[in-house]
Amino acid sequence: MRLSRYFLPVLKETPAEAQIASHRLMLRSGMIKQSSAGIYSWLPLGFRVLRRVEAIVHEEQIRAGHIPMLMPTLQSADLWRESGRYDAYGPEMLRVRDRHDRDMLYGPTNEEMITDIFRSHVNSYKDLPLTLYHIQWKFRDEIRPRFGVMRGREFYMKDGYNFDIDRDGALHAYNRHMVSYLRTYERMGLQAIPMRADSGPIGGEDTHEFLVLADTGESEVFYDAAITELRLGDRQVNFDDRSECAAIVEEWTAPYARTDETHDAEAFARIPEARRRKSRGIEVGQIFYFGTKYSEPMGATVTNDKGEKVPVHMGSHGIGVSRLVGALIEANHDENGIIWPEGVTPFHCGIVNLRQGDGETDAACEKLYKTLVQKGLEPLYDDRTERAGAKFATMDLIGLPWRLTVGPRGLAAGKVELTCRRTGQSEDLTPADAVAKVAEIYAPHHAAAHWEPMANRSFHTWL
RNA sequence: CGGGGCGUAGCGCAGCCUGGUAGCGCGUCGGUUUUGGGUACCGAAGGUCGUGGGUUCGAAUCCCGCCGCCCCGACCA
């Protein structure tokens, strides 16, 4: 993309309403524009990041064998009356009425709807296990929206629902989700720690929240530093293997990690003092097992192998996609702006032309641009007739992890400069070497385009 | 929902207390400057001062209502 043809309305000054770094930087870098309290438009740059995050969530869900679909934002109140939540939910639920005076609502979550779909089409244990999910806009009429997209009223969320014949099956689904979530966050360059949590209004027995450590987090968290050493890395997980998933869950839940709601001071005190950590965290996901809480009242039953009708065991699992964009910035920024992890960056590499209009410099930039595109990368070329300082400031603000700087002085020596946004370190390379290095950096992040999910399994899904 | 604050040009703000129909910086547009970390200079455009009412000869300014937004708290993916 050429910056001269893009729409990137960056702000030099910080809008007064933004208190925390991510909100401030998202406004300043032209990622979002507030539409009304807690409701935002995603401008082109923000939209790119949102899509990258969403794509990773999809890929990892599909990898785990979960099936994507899409449910509507507006729901009929009738379904919610069936589950009893229409009255239980309270004023957080946005209720609307259509022209025929039918009660509708803008969905804050989809347990009722998915259960209705399930009971309409699934009758036998032979159709289980089944996990369906979608990524859709939700609305919760928060009393007090704040922190930009981190606590909006409208938010983009992945929510998934598993259906299993019994508790053991559902617990495997629970574990499978935990593993897939760990992979998801890790690919985004985030450390999200699973913590035992309260079940809240969704209700249930088993639940973990995933928290990203950040000073601006809404929850106080207590954990054993040992958990921050854990990595899934590139280990291949067979998501059908119950013991393999359970082992990974065991690995990640063994070290103490809890939010203030479930904090156990005695257990915490038993951790060696050097590893005891108290911090704040941003919740970016949660998984639940809630058994037959919805299937029983809503009649979501299947016939088991003995011919008996039994309610299915369910769980639900959420990842706050739009909130993750804010959380990513909270965890990755400095005084000059955002620092995107490679996995979610809106553009892979910036190109700064220091002398726009100079024939040789322009040509060198064009060539770099084309070569990067040929490698499957998406560069952002700042071809505006701005001074160097303005171009650098913009690049730093929008946070592209790598920047190629091209000017007459460097070119005279046959070199361009490759700079890492995170470390600030630069090296002079020939254009060919610079492109090769950028391509190498991103090679692991392109793997997703080529893999075949669950290729050797009995079932697999495609988006 | 309790407490506090704000609403004046695209953005950030001053002016309000002590009424006399608007000003600064940045940005934008047109020039000059050819600049390696938000350059400098010249010129220009741009505002029914959130909204409705009241007081007054006269209201951005004083009074009342409404709307919107932000902060603290309670609540929350």
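What you see is a predicted model; the values in this text were computed from it and never measured. Sequence lines set the chain letters: A, B, ... in the order given, protein chains first and strands last, and positions in each chain run from 1. Heavy-atom basis, side chains included; hydrogens, waters and symmetry copies ignored.
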- Task: Indicate whether OP1 or OP2 belonging to B:rA77 is found under 4.0 Å from a side-chain N or O atom of A:R140.
- Result: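 No, A:R140 has no side-chain N/O under 4.0 Å of OP1/OP2 on B:rA77.
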- Task: Give a yes/no answer on whether the side chain of A:K12 brings an N or O atom under 4.0 Å of OP1 or OP2 in B:rG27.
- Result: yes
- Considering only heavy atoms and no angle criterion, is a donor-acceptor pair shorter than 3.5 Å present between the side chain of A:R146 and the base of B:rG73?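 Check fails, no donor-acceptor contact within cut-off.
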My understanding is that a pair needs two contacts under 3.5 Å, Watson-Crick or G-U wobble. By that rule, which nucleotide pairs with [N]?
{"N": "B:rG68", "result": "B:rC6"}
{"N": "B:rG46", "result": "none"}
{"N": "B:rG23", "result": "B:rC13"}
{"N": "B:rC1", "result": "B:rG73"}
{"N": "B:rA40", "result": "B:rU32"}
{"N": "B:rA60", "result": "none"}

- Message: Taking ring-ring contact (aromatic ring centres under 6.0 Å, His included) as the cut-off, I'd like each qualifying pair that reaches into residues 211-231 of chain A, sequence neighbours left out, listed once.
- Response: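 Counting only pairs at least two positions apart or across chains, the ring-ring contact (aromatic ring centres under 6.0 Å, His included) contacts touching residues 211-231 of chain A are A:F222-A:H263, A:F222-A:F268.
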Which part of the nucleic acid, if any, lies within contact of [X], taking any heavy atom under 4.0 Å across all strands shown: a base, the sugar-phosphate backbone alone, or nothing?
{"X": "A:P408", "value": "base"}
{"X": "A:A388", "value": "sugar-phosphate"}
{"X": "A:R403", "value": "base"}
{"X": "A:G407", "value": "base"}
{"X": "A:G285", "value": "nothing"}
{"X": "A:G326", "value": "nothing"}
{"X": "A:D396", "value": "base"}

- Residues of residues 25-38 of chain A with any non-hydrogen atom less than 4.0 angstrom from an atom of RNA chain B: list those, numerically ordered, please. A:R28, A:Q34, A:S36, A:A37
Interatomic distance where [atom1] belongs to [X] and [atom2] belongs to [N] [whole Å]:
{"X": "A:M150", "N": "B:rC71", "atom1": "CE", "atom2": "P", "result": "12 Å"}
{"X": "A:F147", "N": "B:rA77", "atom1": "CZ", "atom2": "C1'", "result": "15 Å"}
{"X": "A:E142", "N": "B:rA74", "atom1": "CD", "atom2": "P", "result": "15 Å"}
{"X": "A:R151", "N": "B:rA77", "atom1": "CZ", "atom2": "P", "result": "9 Å"}
{"X": "A:D260", "N": "B:rC75", "atom1": "CG", "atom2": "C1'", "result": "13 Å"}
{"X": "A:E386", "N": "B:rU33", "atom1": "CD", "atom2": "P", "result": "18 Å"}
{"X": "A:L211", "N": "B:rC76", "atom1": "CG", "atom2": "P", "result": "15 Å"}
{"X": "A:L411", "N": "B:rG36", "atom1": "CG", "atom2": "P", "result": "15 Å"}

- Query: Residues two or more places apart in sequence or in another chain: which of them pass salt bridge (charged side-chain N to carboxylate O under 4.0 Å, His left out) with A:E251?
  - Reply: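 With sequence neighbours excluded, A:E251 shows a salt bridge (charged side-chain N to carboxylate O under 4.0 Å, His left out) to A:R235, given in chain and number order.
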- Are A:I287 and A:F210 side-chain neighbours, meaning at least one heavy-atom pair lies under 4.5 Å? yes
- So, do A:M314 and A:D164 sit near enough that their side-chain heavy atoms are less than 4.5 Å apart?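 The answer is no; the side chains never approach within 4.5 Å.
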- Counterpart residues, side-chain hydrogen bond (donor to acceptor under 3.5 Å, both in side chains), relative to A:T216 (two or more places apart): A:E330
- Residue set satisfying side-chain hydrogen bond (donor to acceptor under 3.5 Å, both in side chains) with A:Y381, at least two apart, ordered chain then number -> A:N353, A:Q356
If I pick the [atom1] atom on [M] and the same atom on [N], what distance separates them, to the nearest angstrom?
{"N": "B:rC69", "M": "B:rG12", "atom1": "P", "value": "15 Å"}
{"N": "B:rG30", "M": "B:rC64", "atom1": "P", "value": "48 Å"}
{"N": "B:rG23", "M": "B:rG31", "atom1": "C1'", "value": "26 Å"}
{"N": "B:rG27", "M": "B:rU21", "atom1": "C1'", "value": "27 Å"}
{"N": "B:rG38", "M": "B:rC76", "atom1": "P", "value": "48 Å"}
{"N": "B:rG50", "M": "B:rC67", "atom1": "C1'", "value": "8 Å"}
{"N": "B:rG4", "M": "B:rA22", "atom1": "P", "value": "35 Å"}
{"N": "B:rA60", "M": "B:rG52", "atom1": "P", "value": "13 Å"}

- Between CD on residue A:E283 and CE on residue A:M150, distance to nearest 0.5 Å: 11.5 Å
Under a 4.0 Å N-O cut-off, is there an ion pair linking [X] with [Y]?
{"X": "A:D206", "Y": "A:R196", "answer": "yes"}
{"X": "A:D334", "Y": "A:R422", "answer": "no"}
{"X": "A:R183", "Y": "A:E60", "answer": "yes"}
{"X": "A:R277", "Y": "A:D224", "answer": "no"}

Measure from the side chain of [X], starting at C-beta and using heavy atoms only, and say which of [options] lies closest.
{"X": "A:A390", "options": "B:rA74, B:rG38, B:rG37", "answer": "B:rG38"}
{"X": "A:R387", "options": "B:rG73, B:rG38, B:rU39", "answer": "B:rU39"}
{"X": "A:R355", "options": "B:rA77, B:rG38, B:rU35", "answer": "B:rU35"}

- Task: May I ask you to decide if the ring planes of A:H58 and A:Y133 are parallel, tilted or perpendicular, using 30° and 60° as cut-offs?
- Result: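 Ring orientation of A:H58 relative to A:Y133: tilted.
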Is there any protein nitrogen or oxygen under 3.5 Å from a nitrogen or oxygen in nucleotides 10-13 of chain B, and what are the pairs?
from: B:rC11; atom 1: O2; to: A:E13; atom 2: OE1; distance (Å): 3.3
from: B:rG12; atom 1: OP1; to: A:A16; atom 2: N; distance (Å): 3.4

- Does CG in A:D428 sit with more than 12 non-hydrogen atoms of other residues, nucleotides or ligands closer than 6.0 Å?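 Enclosed.
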- Item | Aromatic ring of A:F155 stacked on base six-ring of B:rA77, 5.5 Å, 30° | yes
- Task: Report the residue (A:R144 or A:T419) whose heavy-atom-nearest nucleotide on RNA chain B is the more 5′ of the two.
- Result: A:T419
